[in-house]
Undergrad: 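Before we start, here is the structure in question, set down as structure tokens.
Throughout, a chain's letter reflects where its sequence line sits, starting with A, and its residues are numbered from 1. Just so it is clear, the structure is predicted and the values come from calculations on it, not from any experiment. These values consider heavy atoms only, across backbone and side chains, with no hydrogens, waters or symmetry-generated copies.
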Number of protein chains: 2
Amino acid sequence: MARTSGSHSEITGPRLRAAAQALFARHGYAAVSMRRIAAEVGVQAGALYNYIPDKQGLLFELMKSHLDELLAAWETLPKGVGARDALEAFTRFHVRFHLDRPDAVFIAYMELRNLDPANFRAIEALRRRYETVLEDILRQGAAEGAFDVADSKHAAFAVIAMLTGVTTWYRDEGRLSRAEVEDLYWSMVRKAVSA
Amino acid sequence: MARTSGSHSEITGPRLRAAAQALFARHGYAAVSMRRIAAEVGVQAGALYNYIPDKQGLLFELMKSHLDELLAAWETLPKGVGARDALEAFTRFHVRFHLDRPDAVFIAYMELRNLDPANFRAIEALRRRYETVLEDILRQGAAEGAFDVADSKHAAFAVIAMLTGVTTWYRDEGRLSRAEVEDLYWSMVRKAVSA
DNA sequence: AGAGTATCTGAACGCGCGTTCAGTTCAATC
DNA sequence: GATTGAACTGAACGCGCGTTCAGATACTCT
């Protein structure tokens, strides 16, 4: 299925994921039916099962691909050497990445409890990897004396929570540009961990 | 109903709210059925309607009473006069209050999208009032020159997001005491807004 | 033109949902 | 001990759920 020469629509798979992502973000996984997703794509509900194993698999794939993309994007980002530069890069990267994908972010943070146990463990592991990125930066900076963080792990949690919160209020039509938002958060993060 | 001389159980109302709060926090509003709540209370589903108008009303009442309590608790808190002391009081109060009510906090932040429009507006207004408390503290501190925050409103959002994030990782059995957690967050908040 | 195949429809499956309500239970009151 | 009335049961209501699948459809390839 969905091979190199489909007869009807070659793009139903991506359209399905896009529709599910928007609906899950807006109404929540449990409140969105397969029929509603299908209607958005323009097919009957049964047709969706040519592209996904089941509803749970659809949720898992959305969350996994989001986190895979997050980690991959960070790893390919060119960055400096010092802890301070790394922290600034991380802060700006996180804000920018999250502002570009509000729906995926919302789902990744809110639908964890709707994952099957095995899927939950897989997603948690990816999330933990990302948290460790910041944790390592903070630890390195503390060792260098550039930062004053007594507890790198919990400081990392606090910073990520603060940064991710940007998605709850930022609107493209709003008063602040993305660059201004980046600056605002970088200013607070920089001071919060400073020696 | 539920007057001073009920025949069966005088305490079913509070037990219903407690059960619903725990289940909603754990599994989400849309994923919890009235029958499951009823089983937790030890009655049949129909009996619940002696205490609530409907499922939506139950969710609304949980969220509203949480936010009412939050605002009332802040307003009765004795506090100093300066912006710095007010910010410390707010920070410690917020962390303590939220650590004491993880389920209510979770629901208040995650089930907004399951509220009917009218209920949503009521809850949003209460939330906005609370955000304004911090916003005013930051603005006052900036005016006094004690803080360096260019944008009180968005700084308030960032600080609240950071503080509320404590509920995602804190466990009573964990390494840090509540006092240590308060100190940790106060240290970061203080520096983040400092001049 | 005909075969082959990816795709989708439309109906059906059993099930659990929120909510209602006539009837039952039971403690308090007279 | 009869009456009251709050509390609760148990069954029922229509409905939408996730999922399956036989059959129809429409495209590609020979």
Side-chain angles (χ1 to χ4, degrees), chain A residues 1-21 23-24 26-63 107 111 113-119, chain B residues 1-21 23-24 26-63 107 111 113-119:
Chain A
M1 65 195 69
R3 284 184 46 75
T4 52
S5 62
S7 29
H8 282 237
S9 158
E10 193 63 5
I11 58 174
T12 302
R15 290 222 303 141
L16 160 57
R17 280 186 286 275
Q21 184 164 93
L23 288 170
F24 287 168
R26 199 118 43 224
H27 308 286
Y29 171 77
V32 174
S33 69
M34 296 302 286
R35 284 169 178 83
R36 181 131 181 225
I37 299 170
E40 203 75 27
V41 179
V43 299
Q44 296 298 315
L48 302 182
Y49 290 83
N50 289 322
Y51 303 92
I52 55 164
D54 49 31
K55 195 189 181 189
Q56 169 72 205
L58 173 56
L59 175 62
F60 176 67
E61 214 230 60
L62 286 177
M63 295 177 71
I107 293 168
E111 303 297 355
R113 60 187 169 186
N114 287 309
L115 288 173
D116 288 346
N119 289 340
Chain B
M1 68 195 69
R3 287 183 45 73
T4 53
S5 61
S7 29
H8 284 235
S9 157
E10 193 62 5
I11 59 175
T12 302
R15 292 222 301 142
L16 159 58
R17 280 187 285 276
Q21 184 164 93
L23 288 170
F24 287 169
R26 199 118 42 221
H27 308 286
Y29 171 77
V32 174
S33 69
M34 296 302 286
R35 284 168 179 82
R36 181 133 180 223
I37 299 170
E40 203 74 26
V41 178
V43 298
Q44 296 298 316
L48 302 182
Y49 290 83
N50 289 321
Y51 302 93
I52 57 164
D54 49 29
K55 194 189 181 190
Q56 169 72 205
L58 173 55
L59 175 62
F60 176 67
E61 215 231 59
L62 286 176
M63 295 177 72
I107 293 168
E111 303 296 355
R113 61 187 167 185
N114 287 308
L115 288 173
D116 288 346
N119 289 340

Undergrad: Would you tabulate the nitrogen or oxygen pairs shorter than 3.5 Å linking the protein to nucleotides 19-22 of chain D?
TA:
from: D:dT19; atom 1: OP2; to: A:Tyr49; atom 2: OH; distance (Å): 2.5
from: D:dT19; atom 1: OP2; to: A:Lys55; atom 2: N; distance (Å): 2.9
from: D:dT19; atom 1: O5'; to: A:Tyr49; atom 2: OH; distance (Å): 3.3
from: D:dT19; atom 1: O4; to: A:Arg35; atom 2: NH2; distance (Å): 3.3

Undergrad: Whole-Å distance between D:dG10 P and B:Leu48 CG?
TA: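 B:Leu48 atom CG is separated from D:dG10 atom P by 14 Å.
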Undergrad: Using side-chain heavy atoms (C-beta onward) and a distance below 4.5 Å, is A:His27 in contact with B:Asn114?
TA: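 No, every pair of side-chain atoms sits at 4.5 Å or beyond.
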Undergrad: If you look at every strand shown and take non-hydrogen atoms under 4.0 Å, does A:Val41 touch a base, only sugar-phosphate, or nothing?
TA: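 Nothing: the residue A:Val41, judged by heavy atoms under 4.0 Å, touches no strand.
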Undergrad: Does this structure show an ion pair linking B:Lys55 with B:Glu111, if we count only N-O contacts that are shorter than 4.0 Å?
TA: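 Here B:Lys55 does not pair with B:Glu111 in a salt bridge, since their nearest N and O are not under 4.0 Å apart.
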Undergrad: So, is A:Ser33 near the phosphate of D:dC17, with a side-chain N or O under 4.0 Å from OP1 or OP2?
TA: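 For D:dC17, OP1 or OP2 has a side-chain N or O of A:Ser33 closer than 4.0 Å.
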Undergrad: So B:Leu58 and B:Ile37, do their side chains get closer than 4.5 Å, heavy atoms only?
TA: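 They are in side-chain contact.
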Undergrad: Distance check: side-chain N/O of A:Thr12 vs OP1/OP2 of C:dT7, anything under 4.0 Å?
TA: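 No.
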Undergrad: With sequence neighbours left out, write down each residue that passes salt bridge (charged side-chain N to carboxylate O under 4.0 Å, His left out) with A:Glu40, or none if nothing qualifies.
TA: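 Expected list: none.
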Undergrad: If only atom types and distance count, is the side chain of A:Arg15 paired as donor or acceptor with the main-chain N or O of A:Val41 below 3.5 Å?
TA: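 At least one qualifying donor-acceptor pair exists.
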Undergrad: Rounded to the nearest angstrom, tell me the gap between atom CD1 in A:Ile37 and atom P in D:dG16.
TA: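 That distance rounds to 17 Å.
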Undergrad: For A:Val32 and B:Gly42, take the nucleotide of DNA chain D holding the closest heavy atom to each; which residue's nucleotide lies nearer the 5' end?
TA: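 Counting from the 5' end, the first nearest nucleotide belongs to B:Gly42.
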Undergrad: Please check if the side chain of A:Tyr29 supplies one atom and the backbone of A:Ile107 the other of a donor-acceptor pair under 3.5 Å.
TA: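 No; judged by distance alone, with no hydrogens or angles, the pair does not exist.
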Undergrad: Can you measure B:Tyr51 atom OH to D:dA6 atom C1' for me and round it to whole angstrom units?
TA: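 Rounding to the nearest Å, OH of B:Tyr51 and C1' of D:dA6 are 8 Å apart.
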Undergrad: In whole Å, what is the span from the CG atom of A:Asn50 to the P atom of C:dT5?
TA: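 It works out to 16 Å between those atoms.
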Undergrad: In whole angstrom, give the distance that lies between atom CD of A:Gln44 and atom P of C:dA6.
TA: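 About 22 Å, once rounded to whole Å.
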